[in-house]
Amino acid sequence: MKIATYNVNSINARLPVVLRWLSETAPDVVCLQELKAPQDNFPEKALADAGYNALWHGQKSWNGVAILARNADITEVRRALPGDPEDEHSRYIEAVVNGITVGCLYLPNGNPAPGPKFDYKLRWFERLTLHAADLLAAGKPAVLTGDYNVMPTELDVYKPEKWVDDALFRPETRAAFKKLVDLGWTDAVRKLYPNDKIYTFWDYFRNAYGRDAGLRIDHFLLTPDLAERLTGAGVNRDVRGWEKSSDHAPVWIELA
DNA sequence: ATGTCGCCTTAGAGGCGA
């Protein structure tokens, strides 16, 4: 089973790219972030015509997450992270697909830091960590994937010294990610490629993709049983070079 | 500071988020 994650930066602006990518790579389960569309403006029919069922949580202008599944039912578990009923950002959706709990997340960017947006990022991280502990305690196979807006280590940044004060790379952010992983989760891409330079995002500015000035910020975290089933992982890098591309590239894993 | 996208808005250039 192949599971993919893709920050699309507007599902409607990106629809031709997404449909081409789905037809060329045929993932079984897909997590999308940054739909940038209200709940009633999601291309459900176009995706169904491509063979994918969809569950999504939209929001006007910003955020928005979705789970797609090919030839499989999607059973919704929740469409918000527990812990703050006042939080109205559409940044988390969770469902069971093919017996696996799939959490699709879009962690806050947090810039500028320090400041209220960075505080929100760290609070959101704490809520995610609490929920991730509950998922582990439940003992069922689960994957937490999406745009974490974190480069976990210096290997994940094209020029680390430029990013030390950025919300995506500050010590507090890296520590929060480490605390989450250390609960017992496995960073799937890093497990298979512990020393390789692997990026998932290239800024639209200054020809970042052409210069390979990238970041690794889209991740798959796996429960121990799923980590044992991990047989492959990668980035569909070429998609970032297509016309009208997102600034992220799709990332995928393969499970036995 | 800037670069580039995509969203929104008393409609069309500007603000915001990334």
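We name chains A, B, ... by the order of the sequence lines, and we start the count at 1 in each one.
In this structure, the ring of Tyr120(A) has its center less than 6.0 angstrom from the ring center of His89(A).
Across all strands, Phe201(A) comes closer than 4.0 Å to no nucleic acid atom at all (heavy-atom distances).
Side-chain atoms of Asp218(A) and Tyr148(A), non-hydrogen and from C-beta on, never get closer than 4.5 Å to each other. Between Thr153(A) and Arg174(A), the closest side-chain pair of non-hydrogen atoms is not below 4.5 Å.
Cation-pi geometry between Arg170(A) and Phe118(A) is met: under 6.0 angstrom from the ring centre, within 45 degrees of the axis.
Between Lys121(A) and dG17(B) there is no side-chain polar atom (N or O) within less than 4.0 angstrom of OP1 or OP2. Applying the 4.0 Å criterion to OP1 and OP2 of dC5(B), one finds that Arg14(A) has every side-chain N and O outside that range.
Comment: Arg216(A) engages Asp187(A) in a salt bridge, judged by a side-chain N to carboxylate O separation of less than 4.0 angstrom.
As rounded to the nearest Å, dA1(B) and dG6(B) have P atoms that lie 26 Å from one another. Comparing dT10(B) with dC5(B), their C1' atoms sit 25 Å apart, to the nearest whole Å.
Residue Trp202(A) contributes atom CH2, which lies 24 Å from atom P of dG3(B) at whole-angstrom precision. Rounded to a whole Å, the NZ atom of Lys36(A) is 16 Å from the P atom of dT4(B). Phe205(A) has its CZ atom 14 Å from the P atom of dG17(B), to the nearest Å. With rounding to whole Å, Arg91(A) atom CZ is found 11 Å from dG17(B) atom P. Regarding Lys60(A), its NZ atom lies at a distance of 15 Å from the C1' atom of dG17(B), rounded to whole Å. Lys244(A) has its NZ atom 8 Å from the C1' atom of dG6(B), to the nearest Å. When rounded to the nearest whole Å, the span between CG of Asn9(A) and P of dC7(B) equals 8 Å. Atom CD in Gln33(A) sits roughly 14 Å away from atom C1' in dA18(B) (whole-Å rounding).
Proximity note for Lys117(A) (side chain, C-beta onward) versus dA18(B), dT9(B), dG6(B): the nearest is dA18(B). Minimum atom distance to the side chain of Arg206(A) is reached by dG3(B), of the listed dG3(B), dT4(B), dC7(B). Listed candidates were dA18(B), dG17(B), dT4(B). Nearest to the side chain of Trp62(A) is dG17(B).
Side-chain contact, Lys36(A) with Asn9(A): a donor N or O sits under 3.5 Å from an acceptor N or O.
Nearest-nucleotide assignment on DNA chain B puts the 5′-proximal partner with Ala13(A), out of Ala13(A) and Tyr106(A). If Ile11(A) and Asp203(A) are placed on DNA chain B by their nearest nucleotide, the residue sitting closer to the 5' end is Asp203(A).
Note: Tyr158(A) and Trp163(A) have perpendicular aromatic rings, judged against thresholds of 30 and 60 degrees for the angle between ring planes.
Scanning residues 168-177 of chain A for heavy-atom distances under 4.0 Å to DNA chain B yields an empty list.
Considering Arg240(A), Lys197(A), Lys159(A) as possible partners of Asp212(A), the one that fulfils the salt bridge (Lys or Arg N to Asp or Glu O under 4.0 Å) test is Lys197(A).
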